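It should be emphasised that the depicted structure is a prediction, and the values quoted were computed from it without experimental measurement.
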Amino acid sequence: MKKILILTTLLATLALTACHQTEDDIFTTADITLSGGDTIQIERVQATARFTDLNAKRTTTSADFDNATLRVQLLRSSYSVTVEGIVRYRNRQGTTQTKRMRAYTNYVSFAAKGYNATTLNIIFME
């Protein structure tokens, strides 16, 4: 009787661990790159990005920009993305300027396993 109980417990444990989804399958790395077009070269971004999951209505924020690129870990899904803050850039004449900016998209898919990337065009607020 003890052997049957132990065997049943082992089989149940094996079945439960074989069926769970790993965390790697549900998360993805997403890169957001801000672009000012051909006329400016972005030097630094100090902004907050807000990712709203269009399916679950869950919001994630991040402000960890490296130059003009932000890398975040997100659940694989479709998102609307809003970026608001300040950008320092160099124009064609070589003059450095700082302005308030915004970038937005109402739909971007970050559904691929592993890595996703998109580029958003900035809009100057002043």
Could you check whether Asn55 and Ser77, counting side-chain N and O atoms only, form a donor-acceptor pair closer than 3.5 Å? yes
Spatial distance of atom CZ (Arg100) from atom CD1 (Ile122) [nearest 0.5 Å]: 13.0 Å
Same cluster or not: are Val83 and Val72 linked, directly or through other Ile, Leu, Val, Met, Phe, Trp or Tyr residues, by side-chain heavy atoms under 4.5 angstrom apart? yes
Can Lys113 and Asp25 be said to form a side-chain contact (heavy atoms from CB on, under 4.5 Å), step by step? CA-CA 7 Å; Lys113 286 185 180 181; Asp25 291 342; 4.1 Å; yes
Taking all non-hydrogen atoms of both residues, which atom of Ser109 and which atom of Asn116 are closest, and how far apart? O-OD1, 3.9 Å
Test your reading of the model: is there a side-chain donor-acceptor pair from Asp53 to the backbone of Lys57, 3.5 Å cut-off? no
Using the rule side-chain contact (heavy atoms from CB on, under 4.5 Å), only one of Tyr104, Tyr107, Phe51 pairs with Val81; which is it? Phe51
What's the shortest heavy-atom distance between Leu70 and Ala63, and which atoms? CD1-C, 4.5 Å
Under the ring pair (Phe, Tyr, Trp, His ring centres under 6.0 Å) test, which residues partner Phe124, sequence neighbours left out? Tyr89
Start with the C-alpha gap between Thr33 and Leu120, add the side-chain angles, then the distance that decides, and say whether side-chain contact (heavy atoms from CB on, under 4.5 Å) holds. CA-CA 6 Å; Thr33 302; Leu120 299 179; over 6 Å; no
Could you please spell out the steps behind the side-chain contact (heavy atoms from CB on, under 4.5 Å) verdict for Arg58 and Leu75? CA-CA 10 Å; Arg58 184 175 308 142; Leu75 289 171; 2.9 Å; yes
Working to the nearest 0.5 angstrom, can you tell me the gap between Gln46 CD and Met101 CE? 10.0 Å
What verdict does the salt bridge (charged side-chain N to carboxylate O under 4.0 Å, His left out) test give for Asp31 and Arg71, after you've listed the backbone C-alpha separation in whole Å, the side-chain angles of each residue and the deciding distance to 0.1 Å? CA-CA 5 Å; Asp31 277 1; Arg71 177 168 284 181; 2.7 Å; yes
Considering only heavy atoms from C-beta outward, does the side chain of Arg90 approach that of Ile40 to under 4.5 Å? no
Report yes or no: do Ile32 and Leu54 belong to one cluster of Ile/Leu/Val/Met/Phe/Trp/Tyr joined by side chain heavy-atom distances under 4.5 Å? no
Considering only heavy atoms from C-beta outward, does the side chain of Ile86 approach that of Val45 to under 4.5 Å? no
Hey, does Thr59 have a side-chain heavy atom less than 4.5 Å from the side chain of Arg50? yes
Is there side-chain contact between Asn67 and Arg44, with at least one heavy-atom pair below 4.5 Å? no
Got a donor-acceptor contact below 3.5 angstrom from the Ser78 side chain to the Val108 backbone? no
Apply ring pair (Phe, Tyr, Trp, His ring centres under 6.0 Å) to Tyr79 and list each qualifying residue two or more places apart in sequence or on a separate chain. Phe110
Take atom CD of Glu43 as the centre, draw a 6.0 Å sphere, and report whether it contains more than 12 heavy atoms from other residues, nucleotides or ligands. yes
Can you find a heavy atom in the side chain of Val87 that is under 4.5 Å from one in the side chain of Leu34? no
Over all atoms of both residues, closest heavy-atom pair of Gly85 and Ala47: CA-CB, 3.7 Å
Report yes or no: do Thr29 and Gln73 form a side-chain donor-acceptor pair below 3.5 Å? yes
List the atom of Asn106, the atom of Ser80, and the distance in Å for their closest heavy-atom pair. O-CB, 3.6 Å
Heavy-atom pair with the smallest gap, counting every atom of Ala68 and Ile42: CB-CG2, 3.8 Å
Indicate yes or no: at least one non-hydrogen side-chain atom of Ile26 is less than 4.5 angstrom from one of Arg76. no
